[in-house]
Structures are given as C-alpha cells and as structure tokens.
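Have a look at the structure below before the remarks.
One-based numbering along the sequence shown. Values below: all heavy atoms of this structure, side chains included; hydrogens, waters and symmetry mates excluded.
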Amino acid sequence: LDFEIHLFSEKQKYSTLYEEDIKRRERSKYWNSEKQLFLKYRKAREQDSASIVARRMNRNALRMESDTSYWYALSMRYMGNRYFQKDNDSCLYYWKRSVELFEKYHPNHNDAVMSLNNLAFLYKETEKYILSEEYYIKAIKLSEELNPKNTKAKLNLAELYILTKGYNEAKKILDSAYKFKVGKDIEDVSVITNKEYRVISLLGKLYYNQSNYFLAETYFKKSLLINE
C-alpha cells in the first residue's frame, strides 16, 4: 500500500511538472509572437498599431507575470518608442523605467544594452551630454560582457564626443574600430560592413570639425563610394 501511495504521489508530481512545462512553453510562444508583431509594425512604420501591441504587452506582463519580469521591462521601452522626438518627457519616463527594471532584475541581457543605449541617445538629443556619456559607458561595459562584436554604443559615444568636441576620445574609439589604411586598402567597397561605413563617416566628420579638410575629404569620398 505504501508503495502504491508513493507511486501515485510520484505520478502526480510529474504530471504537475509536465503541465507547468506546457504552460511555460505556451507563455513563451505568446510573448515571442507579441514581440515579433511589435517589431513588424515598427519596421512598417505603423506606430499606432505598434503602440497598441506595446500597451497590451505591458498590461499582460503585469497581470500574467509581475513588474519584475523581462517582458514588463521590455514593454516599457516599447511604450516609450512612440514618444521619441514627439514628447521627450514621456519617452524619458518609459525608457528610464525600462533601464531601471533591466538593471535591477535582468542585468545580463542584450535588451538591457539596448535600453541603456536608447536612454543615452535620448539624453544626447536633449543636450544632456554628461548623462548621455554615463549611459553610453554603461551600455559599452555590458555589451563587452555579453557580445563584444556589438559596437553600436561605442560608435554612438564617439559621435557624442565629436559633438562635444572631445576629439581625442572620439579618435581613440574610432581608431580601435577601424582596420583599413586610408586610401590603400579600401578598394573593394563591397566588403565594407555597416559598422565600418559608420566609422568611416564619423572619421570624416571628426577631421572636418578639426579643419583637417584633406583627411575629411578622403573619408567622405570613401563613404560616398560605399553608399552608391
């Protein structure tokens, strides 16, 4: 009898685990489909539809998960996207909240890097350059831990330094990201990546701002060739 009770108990336990696994899989499928739907609308520039999905994700994340969930943090960023360059105060509220949630509950995630990068960009656009630098540096540190090949935040910081006349700091970042010799190795522009194109453009802007028009022209011509 004891054996039968034990066997029944074990069956119940595994049945419960199986049911929980099914629910977890279904929930994961739901959230990923919502994310893809949001990104689809964003790519199509259907901002109203994207905003509806973002608000639904935010509401359901709070109801189905909690305010500590990854999806809640992500939905905060998605909700802020709608307000960028339209209502920067609202955008700041959502993007800053997203960063706070990722830093507290999900610090080691690529979406945490993106939220940091977005917030830094917003601070740059609103001329809060010290805060922009602070959050770009945070994004860079986390990105180097998670995905060293992702240099977006580094190049954004270089662009900030060019804007604020921190030319030496910008040059260090761009030199570390640039692998070609000017005028020699960039013959086949088809091999240039998007990252390298941006580096070339930023170097052109850097030298132009420093009144080094010869080097500025060299880089600008290369970027034009790539863009043809």
Side-chain angles (χ1 to χ4, degrees), residues 42 47 54 73-179 193-213 215-220 222-223 227:
R42 283 278 293 174
Q47 300 301 339
L74 183 65
S75 69
M76 281 292 182
R77 189 178 81 226
Y78 284 177
M79 288 174 71
N81 290 354
R82 176 184 178 85
Y83 298 104
F84 179 62
Q85 293 183 330
K86 296 176 182 177
D87 179 356
N88 283 333
D89 288 339
S90 295
C91 185
L92 176 62
Y93 169 79
Y94 287 112
W95 281 3
K96 190 174 181 181
R97 184 67 178 135
S98 176
V99 165
E100 290 168 351
L101 291 166
F102 272 119
E103 285 186 326
K104 188 172 183 179
Y105 301 114
H106 310 278
N108 299 316
H109 200 287
N110 285 321
D111 273 305
V113 176
M114 190 171 293
S115 288
L116 286 164
N117 196 52
N118 280 13
L119 184 57
F121 187 77
L122 179 61
Y123 280 133
K124 187 199 80 170
E125 292 295 291
T126 53
E127 300 183 357
K128 295 176 181 176
Y129 300 130
I130 293 174
L131 284 170
S132 179
E133 179 185 25
E134 177 188 336
Y135 281 95
Y136 275 139
I137 289 170
K138 283 186 176 184
I140 290 166
K141 286 181 179 178
L142 183 56
S143 186
E144 286 175 343
E145 292 175 15
L146 300 176
N147 182 12
K149 291 183 179 181
N150 183 358
T151 58
K152 185 176 181 179
K154 272 189 178 180
L155 298 186
N156 285 346
L157 180 59
E159 189 168 27
L160 174 68
Y161 284 145
I162 292 170
L163 178 66
T164 56
K165 299 183 179 180
Y167 300 130
N168 290 335
E169 292 88 347
K171 186 74 163 54
K172 287 176 185 177
I173 294 172
L174 295 173
D175 281 347
S176 69
Y178 188 65
K179 67 181 182 181
T193 65
N194 288 336
K195 182 196 83 171
E196 289 158 349
Y197 166 72
R198 191 173 176 211
V199 172
I200 292 166
S201 300
L202 287 173
L203 282 167
K205 187 185 292 186
L206 169 66
Y207 287 123
Y208 182 85
N209 287 6
Q210 291 182 304
S211 301
N212 188 336
Y213 300 122
L215 279 179
E217 183 182 19
T218 302
Y219 281 102
F220 282 143
K222 292 298 181 183
S223 66
N227 213 23

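In terms of the side chain to side chain donor-acceptor pair (under 3.5 Å) criterion, residue partners of D87 (sequence neighbours excluded) are, by chain and number, S90. Shown here are the side-chain contact (heavy atoms from CB on, under 4.5 Å) partners of N108, two or more places apart in sequence or in another chain: L142, E145, L146. Legend: residues meeting ring pair (Phe, Tyr, Trp, His ring centres under 6.0 Å) with Y167, ordered by chain and number and at least two apart, are absent. Residues meeting the salt bridge (Lys or Arg N to Asp or Glu O under 4.0 Å) test with E103, sequence neighbours left out: K138. Qualifying side-chain contact (heavy atoms from CB on, under 4.5 Å) partners for E100, counting only residues two or more places apart in sequence or in other chains: K96, R97. Remark: S132 pairs with no residue by the side chain to side chain donor-acceptor pair (under 3.5 Å) rule, at least two apart or across chains. Contacts of Y83 classified as side chain to side chain donor-acceptor pair (under 3.5 Å), with partners at least two apart in sequence or in another chain: none. Q47 pairs by the side chain to side chain donor-acceptor pair (under 3.5 Å) definition with R42, not counting sequence neighbours.
Annotation: salt bridge (Lys or Arg N to Asp or Glu O under 4.0 Å) contacts involving residues 75-85, sequence neighbours excluded, comprise D48-R82, R77-D111. The salt bridge (Lys or Arg N to Asp or Glu O under 4.0 Å) contacts involving residues 150-167 comprise E144-K154, E159-R198, E159-K205, where partners must be two or more places apart or lie in separate chains.
More than 12 heavy-atom neighbours from other residues, nucleotides or ligands sit within 6.0 angstrom of CZ on F84. Counted within 6.0 Å of OH on Y105, heavy atoms from surrounding residues, nucleotides or ligands total more than 12; the atom is thus considered enclosed.
From L155, atom CG reaches atom CD1 of I140 across 9.0 Å, with rounding to the nearest 0.5 Å. Here the NZ atom belonging to K172 is positioned 6.5 Å from the CG atom belonging to N168, to the nearest 0.5 angstrom.
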Donor-acceptor contacts under 3.5 Å from residues 118-129 side chains, at least two apart:
| residue | atom | partner | partner atom | Å |
| --- | --- | --- | --- | --- |
| T126 | OG1 | L122 | O | 2.9 |
| T126 | OG1 | Y123 | O | 3.2 |

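Heavy atoms only, all atoms of each residue included: G80 and C91 are closest at O-SG, 3.4 Å. Nearest heavy atoms, A153 versus A139: CB-CB, 3.8 Å. When all heavy atoms are compared, the tightest approach of A158 to A170 is O-CB, 3.6 Å.
Applying side-chain contact (heavy atoms from CB on, under 4.5 Å) to L160 and the options I162, L157, N156 leaves one that passes, L157. Partner of S115 under the side-chain contact (heavy atoms from CB on, under 4.5 Å) criterion, chosen from W95, F102, Y94: F102.
L101 places none of its side-chain heavy atoms less than 4.5 Å from the side chain of L74. Counting only heavy atoms from C-beta outward, the side chains of Y161 and K171 never approach each other to under 4.5 Å. Put simply, the side chain of L203 reaches to within 4.5 Å of the side chain of Y207, judged on heavy atoms.
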>> side-chain contact (heavy atoms from CB on, under 4.5 Å), that's the test. Do Y219 and L206 meet it? Break it down for me.
In response: CA-CA 10 Å; Y219 281 102; L206 169 66; over 6 Å; no
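Panel note: side chain S223, backbone S201; no donor-acceptor pair is recorded below 3.5 Å.
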